[in-house]
Trainee: 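I am attaching a structure below and will ask some questions about it afterwards.
Order of the sequence lines sets the chain letters (A, B, ...), proteins ahead of strands, with each chain counted from 1. Keep in mind it's a predicted model, so treat the numbers as computed, not measured.
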Amino acid sequence: MDITEVPVSDDKKGKKKKNKNSNKKSVREEGNGEGAGAEEKEEKMEKSDAAAAFPPTFSVSEIKNKQRRHLMFMKLKQEKRKQKMQLRKKKKKEREALGDKAPPKEVPKTIENQRVYDETTVDPEDEEVAFDEATDEFSAYFNGLTNPKVLITTSDRPRGRTVRFCEQLATVIPNAHVYYRRGLALKRVIPQCVARNFTYLIVINEDRKVPNGMVLCHLPDGPTAHFKVSSVRLRKEIKRRGKGPTEHSPEVILNNFSTRLGHSIGRLFAALFPQDPQFVGRQVATFHNQRDFIFFRFHRYIFKNEKKVGIQELGPRFTLKLRSLQKGTFDSKFGEYEWVLKRHEMDACRRKFQL
Amino acid sequence: MGDRSRLCSVWLGSETGILKGVSVSRKQAFNFCNTSHLSRDQEVRALCWGDPAESELLVGSVDGTVKTFSTEKGAFTESRRCGDPVEGCFTGLAALSGSALLTCGESGTVRVWREDSSEPVTELDAGKNVCRMRQSPVDQHKVATGGKENGLKIWDLERPEKSVFTAKNLRDDWLDLRRPHWVRDMAFIPDSDKVVTCTGYHQVHVFDPSSPQRRPVLEAEYGEYPLTTLSLPAAGNTVVVGNTHGQIAMLDLRKGLVRSCLKGLAGGVRWLQCHPSQPVVASCGLDRFLRIHSLEDRKLLHKVYLKSRLNCLLLASRDLEDGGGATEGEGVSQEVKEEEDEVWDTMEQVGEAEEKPKRKTTEEEEEPQKKSKKKRKKGQD
């Protein structure tokens, strides 16, 4: 009983205090308001004095009529734009006049070319990293000992776009099999996959019928990557798309995976596809990394003549962002993480990239 | 090689089997291994000092060999086979007096090896799935083991038949279900019999073998991911723990509360060690970085990229930043070390002397406050 009573009395006290505080505050506010008003008046007085003393420097915000103010503001903007255009034209003329002697154009600053140097950037001649990569979990694939075999499944009871997304992903990745999840736990699926010689397990997670997550688990002994999936466009939604893809194994382009973590992720993607692409199919799967977002595109190309190449998108397209990389097969509770995205800690610097 | 190895104050064992030395003052890292024949069998699982003067390093690798590395010569001088790789890799390694060696495998066999014989002198079985074995810093013959479904056991190596202390599992939970058990790391608290452990179920336990209670005397929780390693700072009363998501926190051992968290890690922590005298903690793990944090203001002091995943770490007991004095002749460096030892010894005593009264005063201060609070409560009623 004591215990119940104490908090009640506390609450009352607290409320009272709050009330008191609020009263006080309101009083203070009133006081402040008066004070502020007085101050404002004083300021105005000063300003008027200043206006009288000095030649008027024109400021649009001082106009009190709203329509007038708007008009003047628009005029000001127009003037500024005109000046800018004139300056640009002048510069262009100068460049033309100088001809070849013109100074080289300045490269615009972007957060990518202003990137903070990452000490883990892989040096291709580094023996230690080369050894580490040569003996990691993907070495069997890169030595040509295994052929990829991929199982694609979803979260339980997939709806809508997720199902179609899985089907289309299976047409992109050769030797991929789509299975219905049937409410099975991933930890029980994995041993079965290993027994059936699968080398990859892909799980597409969805939220409100829209795919939003992807778990990419390399078998038999990891690693496991967890991605956020966004802006999925299925084949039907892509404009000017080509006919459906053929069953040839595509070529793979991995762009811009430069750090040590990026290398691991790049190898993870590369090992999804058979190592010898069939060039007859003229199909390319691209994983392009830009600002830690990985863009996936699937194209068919054609050499129109010696100089020109035509490409045609086959779809689907989607964007991935790495959430975590875990050592070993999927074990979110007891697994050891090699890398975890820590928001607000890692993204504090906009020019620092992880991949 | 010798010049380089004498500079190093931090030693790390990597998954690729390379022993790495880092000189913090010069901001340089060295590999002590010939890169021509690297192999994953050499993966370093345990590191410890071979002698109190810290001139020899013992390196335990996955294939069951213990190599001796001389920091003065900068080369491996000896290699000894200790147990089969079949029995699992090393979970603990320690040196005993008289150049004897103490090893523990995952299968739970703790063995003492003498230098001359190839057969173990004493052998004891600590149960299956041992995750870590640690030696008491005070008494060399006192050893703690623990692992998955294998509670904390403290052994006396002179009487290997029976353990000195065996921890009991926690009480069943409120649904009367058995609580699982998974000791990942432990440490002996200096100046007392107590042992602190961290578990795979994100708990930190303190056991007190001197009391009749065999269950933990204190339980604290941190985070929601398995704790992998812990270390005791020199200041006392706290423990630093690390987990699989790369979070490190300092917990207070008096009330079991989080005192501070250390930031900046990207991957799981494999090993932590606090400097024996300075308020700094070094951590290494799967993100391939060695990080040294200050425990006072929680700032990241040093960050070194070491190219391979790191399994274990060892700090020299001399000052981290120092390293220039050791470049001179060997005798001089030893003298310097001894002098430093003396200096640090005196420093420690002073630190303790300063702290103890502080604690008392705080306690004294707290008690009257509590009383007054109680009075207030009564007054409210």
Trainee: Which is it for Y201(B) and F334(A) under the ring-ring contact (aromatic ring centres under 6.0 Å, His included) test, yes or no, and what are the steps along the way?
Mentor: CA-CA 9 Å; Y201(B) 304 98; F334(A) 296 113; 5.6 Å; yes
Trainee: Could you have a look at E15(B), K263(B), E224(B) and say which one has the most heavy-atom pairs with chain A under 4.5 angstrom?
Mentor: K263(B)
Trainee: Of Y141(A), F138(A), Y200(A), F227(A), which meets ring-ring contact (aromatic ring centres under 6.0 Å, His included) against F269(A)?
Mentor: F227(A)
Trainee: Quick one: what part of S324(A) sits under 4.5 Å from any heavy atom of chain B, side chain, backbone, both or neither?
Mentor: neither
Trainee: Taking every non-hydrogen pair under 4.5 Å, which of V122(A), D126(A), V129(A) racks up the most with chain B?
Mentor: D126(A)
Trainee: Is chain A contacted by the side chain of S14(B), its backbone, both, or neither, given a heavy-atom distance below 4.5 Å?
Mentor: neither
Trainee: Less than 4.5 Å to any heavy atom of chain B: does that hold for the side chain of K333(A), its backbone, both, or neither?
Mentor: backbone
Trainee: Taking side chain as everything from C-beta outward and backbone as N, CA, C, O, which of these in E345(A) sits under 4.5 Å from a heavy atom of chain B? Side chain, backbone, both or neither.
Mentor: side chain
Trainee: Is it true that, when you exclude R179(B) itself, more than 12 heavy atoms of the residues, nucleotides or ligands shown sit nearer than 6.0 Å to its CZ?
Mentor: yes
Trainee: Is the backbone of G264(B) close enough, under 3.5 Å, to the side chain of K303(B) for a donor and an acceptor to pair up by distance?
Mentor: no
Trainee: Taking the six-membered ring for Trp, are F295(A) and F287(A) ring centroids under 6.0 Å apart?
Mentor: no
Trainee: Would you mind checking which part of L306(B) comes under 4.5 Å of any heavy atom in chain A, side chain (CB onward), backbone (N, CA, C, O), both or neither?
Mentor: backbone
Trainee: Using the side-chain contact (heavy atoms from CB on, under 4.5 Å) rule, pick out the option among T229(B), L230(B), V240(B), V241(B) that qualifies with I248(B).
Mentor: V240(B)
Trainee: With a 4.5 angstrom heavy-atom cut-off, could you sort out which part of V340(A) is near chain B: side chain, backbone, both or neither?
Mentor: both
